[in-house]
Amino acid sequence: MKDRAWGRIVNLSSIWGKIGKAHRASYSATKFALDGLTLSLASEFAKDGILANCIAPGFTDTELTRKMLSKGDLKKILLSVPIGRMANVSEVANFILWLASPLNTYISGQNIAIDGGFSRV
């Protein structure tokens, strides 16, 4: 990336790397650490044309999510997401693709939630 004077780094965190919740200390610690790493990379490599960001997906409709949550848990979660549903995998992937593309020319050092408004209400 330095040799080409262009690059994009996108770290994948979690909504639990932006907000806290009981019983998630170890998981959240690693995700908050990614935010710190992202900030350092963005600062260190900006002069080399390299942008670094982090995304923090909220509840995403995956096989693992559906396996881990009961129907009651899922219903409760969806009530706390203003959009009223989980993200689908392609929504998260498309945002990563955009951040990593030449279309992103100025966003760097950010930890961006993609959570249907969950972390803001």
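All figures in this text were calculated on a predicted structure; none of them were measured in a lab.
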Are Tyr27 and Ile77 connected, step by step, through hydrophobic side chains (Ile, Leu, Val, Met, Phe, Trp, Tyr) whose heavy atoms are closer than 4.5 Å?
yes

So CD1 of Ile83 and CG of Leu78: to nearest 0.5 Å the spacing works out to 11.5 Å

Requested in this report: Flag the pair Arg66 / Leu74 as yes when at least one side-chain heavy-atom distance between them is below 4.5 Å, and no otherwise.
Outcome: yes

Under 3.5 Å: donor-acceptor pair, side chain of Ser108, backbone of Ala52: yes

Can you confirm whether Phe45 sits close enough to Lys2 that some side-chain heavy atom of one is under 4.5 Å from a side-chain heavy atom of the other?
yes

So CG of Asn111 and CD1 of Ile55: to nearest 0.5 Å the spacing works out to 9.0 Å

Atom CZ of Arg120: over 12 foreign heavy atoms under 6.0 Å
no

Heavy atoms of Pro82 and Gly117 approach each other most closely as CD-C, 3.5 Å

- Query: Side chain of Ser43, backbone of Leu39: donor and acceptor closer than 3.5 Å?
  - Reply: no

Following the transitive rule for hydrophobic clusters with a side-chain heavy-atom cut-off under 4.5 Å over Ile, Leu, Val, Met, Phe, Trp and Tyr, establish whether Ile9 and Leu34 coincide in one cluster. yes

Heavy atoms of Gln110 and Asn53 approach each other most closely as N-OD1, 3.1 Å

Looking only at heavy atoms, the pair that brings Gly116 and Val81 closest together is O-CG1, 3.8 Å

Rounded to the nearest 0.5 angstrom, the CG-CG distance for Asn104 and Leu99 is 5.5 Å

**Message:** Are the side chains of Phe95 and Val10 in contact, using a 4.5 Å heavy-atom criterion?
**Reply:** no

### Sidechain-backbone polar pair: Asp115 side chain, Gly58 backbone, donor-acceptor under 3.5 Å
no

Practice problem: For the pair Glu91 (side chain) and Asn88 (backbone), establish whether a donor and an acceptor sit closer than 3.5 Å, ignoring hydrogens and angles. | Solution: yes

Between the OG atom in Ser28 and the NZ atom in Lys21, the distance rounded to the nearest 0.5 Å is 10.5 Å

Practice prompt. Flag yes if Ile19 and Phe32 sit in one hydrophobic cluster, no otherwise; membership is Ile, Leu, Val, Met, Phe, Trp, Tyr, and two members link when side-chain heavy atoms are under 4.5 Å apart.
Written response: no

Is any side-chain heavy atom of Pro57 less than 4.5 Å from a side-chain heavy atom of Leu12? yes

*Is the count of non-hydrogen atoms from other residues, nucleotides or ligands lying under 6.0 Å from Lys47 atom NZ greater than 12?*
yes

Between Leu51 and Tyr106 the two heavy atoms that sit nearest each other are CD1-N, 3.9 Å

I want to check something: taking the side chain as every heavy atom from C-beta on, are Trp16 and Arg24 in contact at a cut-off of under 4.5 Å? yes

Taken to the nearest 0.5 Å, the spacing of Asp35 CG from Thr30 OG1 works out to 12.0 Å

Heavy-atom closest pair (Ser80 atom, Val121 atom, distance to 0.1 Å) is O-CG2, 4.2 Å

**Asked** Ignoring hydrogens and geometry, is there a side-chain-to-backbone donor-acceptor pair from Thr60 to Val89 under 3.5 Å?
**Response** no

Is it true that Leu37 and Met1 fall in one hydrophobic cluster, defined by side-chain heavy atoms closer than 4.5 Å? yes

Please check if the side chain of Ser14 supplies one atom and the backbone of Gly17 the other of a donor-acceptor pair under 3.5 Å.
no

Joint hydrophobic cluster, Val92 plus Ile107, side-chain heavy atoms closer than 4.5 Å
yes

| said: Closer than 3.5 angstrom, by distance alone: can the side chain of Asn94 be matched with the main-chain N or O of Ser90 as a donor-acceptor pair? | reply: yes

Donor-acceptor contact present, side-chain Asp48 to main-chain Ile50, <3.5 Å
no

d(Ser13 OG, Lys18 NZ) to nearest 0.5 Å is 8.5 Å

